[in-house]
Every structure is written in structure tokens, then in C-alpha cells.
Amino acid sequence: MAGSGFSAARKYAYSNARVKAMESKLVGKELMSQIAAAKEQGAALSILMQTDYRDDLEEFGGVNIKGEMIDFALSRNLAKRISTLPRIAPVGEGELISAVVGIWGINNIKLAIYAKAQGKKFDDISQYVVDIGVHGPSSIRQAMSEPTVESMMERMMVFSPYRAAITAALAEYMKEKSPYAASYALERGYNASVSRAVRRINLEDPGSARIIKADIDMKNILALMRSKRRSLRNDLAEALLIDGGSLGKKGLAEAYSISADVESLMGNIKAFGLEGAIARYRESGQLLSVEMHMRAAIFDMSMKLLRHSVLSFGTLVAYAYIKEIEVFSLRAMVKGKEYGLDGFSGIVIGA
């Protein structure tokens with residue numbers, strides 16, 4: 001476990017100081033409320049231009065940014081902040097924090113798979129590739145120089161921390177010839193690596209492990225809700241569940257089997273206070289409203305850990321989840337105004 005007293009101060013002083021500096025750049029609740037209340041997208045973007053996202057938004061058009069470019073501007077900012085965490089982690093703990101924040105490297109690989117399958121070159125997607133980890137722009141460019149999707153993924157496996165996940169994605173692609181199937185296998189493989197890391201993280205910092213487990217629980221619940229909306233068979237829905245959460249897969253599967261619809265499923269899963277989100281879901285008809293409800297709970301857990309953890313591994317994990325949820329919330333609010341959606345339904349998340 002992490003040390004205490006002088007040893008902890010020596011081990012975590014630098015990384016915690018860096019995290020505290022990054023924390024100061026988070027969007028506060030007051031500005032988040034202003035963005036939520038903005039009547040149209042341009043007004044929301046004008047407010048967001050007052051924050052740490054300014055440079056990234058300007059790179060893609062500033063207040064005139066459109067469509068999917070908003071996603072990439074926000075993701076680029078997230079990647080810049082998150083990619084710092086493995087570098088500032090104490091010796092021996094960079095691997096653990098990398099497992100937590102590795103989804104952005106996974107997203108780069110998924111983007112390359114889709115592009116290669118469509119016959120595109122790296123230059124066609126370069127502006128969308130996030131500069132993070134071993135699967136950043138340089139790695140993706142080199143891999144995409146390969147002639148086929150299969151050889152591209154084989155090249156990506158070399159020295160990759162996600163070799164097992166890429167191997168599974170390659171096997172799925174060779175069987176189905178579908179980038180969608182490969183993408184799904186890749187993400188499942190990544191989630192499995194996170195669930196394995198939870199056991200080690202729990203020894204280092206139990207508070208961090210609780211947050212990661214809650215995130216896994218959220219992903220499992222969302223998978224079951226999507227399955228219920230599609231009336232998926234019980235066994236097929238259960239197969240989508242991943243290990244590592246606080247809620248057992250068996251219990252979640254039982255809740256799914258006895259639920260007639262999404263609303264009853266929410267009532268049968270005793271976590272995140274989901275019964276309090278049923279009315280919001282009924283009003284909006286959007287799973288986004290339920291996801292925001294759960295992310296708000298994880299955000300609160302992370303903020304408590306960040307504010308109360310001093311000189312510990314927990315500050316690194318807490319910041320990672322806070323920043324990710326901040327970007328998710330901004331994307332939901334800003335993009336929602338473009339399509340006339342209000343998926344967050346009054347839930348305002350902010351530091």
C-alpha cells in the first residue's frame with residue numbers, strides 16, 4: 001500500500017502538485033450552469049471560450065466550430081491533460097494510471113480500423129487522432145502505411161500495452177470482415193484490462209478502486225439498458241457484461257431477466273439511486289439522461305477523493321475521472337443545443 005508521512009510526501013509531492021495545478025483549470029459549476037442555460041450553441045461556445053478549452057476550440061474554428069469538430073476539440077483538450085498523468089505518476093505506478101486512461105489510445109486504434117477499412121489514408125483522419133500514449137499520431141501513421149487492415153493491426157500489436165485486446169480485435173475482423181466487430185472486441189479487451197488493474201489499484205488506494213468499479217458498474221448498466229431497449233435475449237445481454245465492478249455480473253443478469261422494460265430494470269438495480277432517474281428517463285426517453293445521472297454520482301465521488309486525498313495515488317485517478325466526465329458533460333450540453341436535445345435534464349456537473 002501507499003506509504004504515509006514523510007515517505008508519502010516524498011513519493012507523491014510532485015505528482016499531486018501537478019494535479020492540483022490542472023484542477024485549477026477545470027470548468028467551475030457556475031460556468032457549467034451558464035453553458036447549460038445558454039439558448040443556442042453559439043452562446044454556449046462563447047462561454048466555453050473563457051475556459052481552458054479556448055485554444056483547442058480556436059484550432060477547429062472557435063465559436064463557429066461545427067458538428068463533429070466540437071467532439072474532437074474537446075477530446076484533444078482531454079487528451080492533453082490526461083496524457084500528463086502517467087508521466088507524472090511515481091515510479092512504478094505509471095502502468096496503473098495508464099490502464100485507467102488508455103481508452104483514448106484505444107479510440108485512436110478504432111478510428112484507424114474504420115478508416116483503413118474504408119480505404120482512407122492517415123492524412124484523412126490526422127486531425128481526429130488524439131496525441132496520447134503509445135498509440136498517438138506517429139504510431140497510427142506508421143501502422144496505416146500497411147497495405148491491409150489485418151497487417152495494420154499486426155503492426156499495432158508490437159510493444160503495445162493492449163496487445164491482447166488488439167489480438168482479439170484482429171481475430172474478430174478476420175472472421176467477420178467488419179470494422180464494427182473489431183471495434184467492439186477491442187473495447188471489450190480494454191475494459192478487461194481495466195478490471196484486472198482494479199485489483200492492484202485496490203492495494204495501492206481503495207478509494208481509487210471504488211471509483212473505477214463504479215465506472216465499470218455504469219458501463220454494465222448501460223449495456224443492459226441498451227439491450228432491454230432492443231429486447232435482447234437474456235444470455236446475449238449477460239455476455240456483454242464485464243468483470244471488475246462492485247455489482248456482480250450474476251446479480252445484474254438476474255435483474256435483467258426479471259425486468260419487463262428499461263424503467264423496471266432501473267428499479268431492480270440497486271445502485272446510483274436509479275429510482276430517482278426514472279422520471280427523468282420517462283420524460284426524455286433518452287438513455288443519455290440516465291448516463292448523466294450515473295456520471296454525476298461518479299463525479300461527486302471523484303471530487304471528494306481529489307479534495308480529501310493528500311499525497312496519494314487517488315488524486316491521479318480522481319482527476320482522470322473528473323476531467324473525462326467534465327468533457328462528456330460539455331459535449332452533451334453543447335452538442336445537445338445543436339440538435340435541440342436536453343439529455344442532461346437539469347443535471348449540471350462542475351468542479
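Values in this document were obtained by computation on a predicted structure and should not be read as measured data.
Applying the side-chain hydrogen bond (donor to acceptor under 3.5 Å, both in side chains) criterion to K175, with sequence neighbours excluded, gives no partner residue. Every side-chain contact (heavy atoms from CB on, under 4.5 Å) that E59 has, sequence neighbours left out, goes to R76. Partners of L26 according to the side-chain contact (heavy atoms from CB on, under 4.5 Å) rule, which considers only residues two or more places apart in sequence or in another chain, are E23, Y319, I322, K323, E326, A351. Considering only residues two or more places apart in sequence or on other chains, R81 meets the salt bridge (Lys or Arg N to Asp or Glu O under 4.0 Å) condition with D52. For A277, the side-chain contact (heavy atoms from CB on, under 4.5 Å) partners at least two apart in sequence or on another chain are M266, R280, H293.
The cluster map of Ile, Leu, Val, Met, Phe, Trp and Tyr, joined by side-chain heavy atoms under 4.5 Å apart, puts L222 and L186 in the same cluster.
Side-chain atoms of N108 come within 3.5 Å of backbone atoms of H135 as a donor-acceptor pair (strictly under, hydrogens ignored). Judged by distance alone, with hydrogens and angles left aside, the side-chain atoms of E40 form a donor-acceptor pair with the main-chain N or O of G42 at under 3.5 Å. A donor-acceptor contact shorter than 3.5 Å is absent between the side chain of D71 and the backbone of R331. Without hydrogens or angle criteria, N268 side chain to S264 main chain gives a donor-acceptor distance under 3.5 Å. In this structure a side-chain-to-backbone donor-acceptor pair under 3.5 Å is present from K116 to M144.
Atom CD of E30 is surrounded by 12 or fewer heavy atoms from other residues, nucleotides or ligands within 6.0 Å. No more than 12 heavy atoms of other residues, nucleotides or ligands lie within 6.0 Å of CE in M174, so this atom counts as exposed by the packing criterion. Atom CD of Q50 has more than 12 heavy atoms from other residues, nucleotides or ligands within 6.0 Å.
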E204 and R200: CA distance, side-chain angles, deciding distance, salt bridge (Lys or Arg N to Asp or Glu O under 4.0 Å) verdict: CA-CA 7 Å; E204 185 65 34; R200 291 178 57 194; over 6 Å; no
Take L274 and M225 through the side chain to side chain contact (heavy atoms under 4.5 Å, CB included) test and state the conclusion after the steps. CA-CA 12 Å; L274 284 176; M225 289 180 173; 4.2 Å; yes
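Pairs of residues two or more places apart, or lying in two chains, that qualify as salt bridge (charged side-chain N to carboxylate O under 4.0 Å, His left out) and include a residue from residues 145-168 are E146-R155, E150-K177. For the salt bridge (charged side-chain N to carboxylate O under 4.0 Å, His left out) condition, the pairs that include at least one residue of residues 120-130, sequence neighbours left out, are D123-R141. For the ring-ring contact (aromatic ring centres under 6.0 Å, His included) condition, no pair includes a residue of residues 221-242, sequence neighbours left out. For residues 259-270, the salt bridge (charged side-chain N to carboxylate O under 4.0 Å, His left out) pairs, not counting sequence neighbours, are E263-R282.
Counted by atom type alone, Y53 and E58 present zero donor-acceptor pairs between their side chains at under 3.5 Å.
The other members of the hydrophobic cluster of Y180, by chain and number, are Y114 (side-chain heavy atoms under 4.5 Å, ILVMFWY only). Through side-chain heavy atoms spaced under 4.5 Å, either directly or across other Ile, Leu, Val, Met, Phe, Trp or Tyr residues, F159 is tied to V158.
In this structure, S284 and S289 approach most closely via the heavy-atom pair OG-OG, 3.2 Å. Annotation for V101 and A320: closest pair CG1-CB, 3.9 Å, computed over non-hydrogen atoms. What you find for P90 and S15 is that their closest heavy atoms are CD-OG, 4.0 Å. Closest heavy-atom contact between I140 and V129: CG1-CG1, 4.2 Å.
Residues R54 and L48 have side chains not in contact (no heavy-atom distance under 4.5 Å, counting atoms from C-beta outward). Inter-residue side-chain proximity for K11 and E93 is flagged as met; some heavy-atom pair is nearer than 4.5 Å. With a 4.5 Å cut-off on side-chain heavy atoms, I325 and S329 count as touching.
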Return a table of donor-acceptor pairs under 3.5 angstrom between the side chains of residues 244-258 and protein atoms on other chains or two or more places apart.
from : atom 1 : to   : atom 2 : distance (Å)
K249 : NZ     : D243 : OD1    : 3.4
Y256 : OH     : S227 : O      : 3.3
Y256 : OH     : L232 : O      : 2.7
S257 : OG     : E254 : O      : 2.8

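In summary, D215 and K219 engage in a salt bridge, as defined by a charged side-chain N under 4.0 Å from a carboxylate O.
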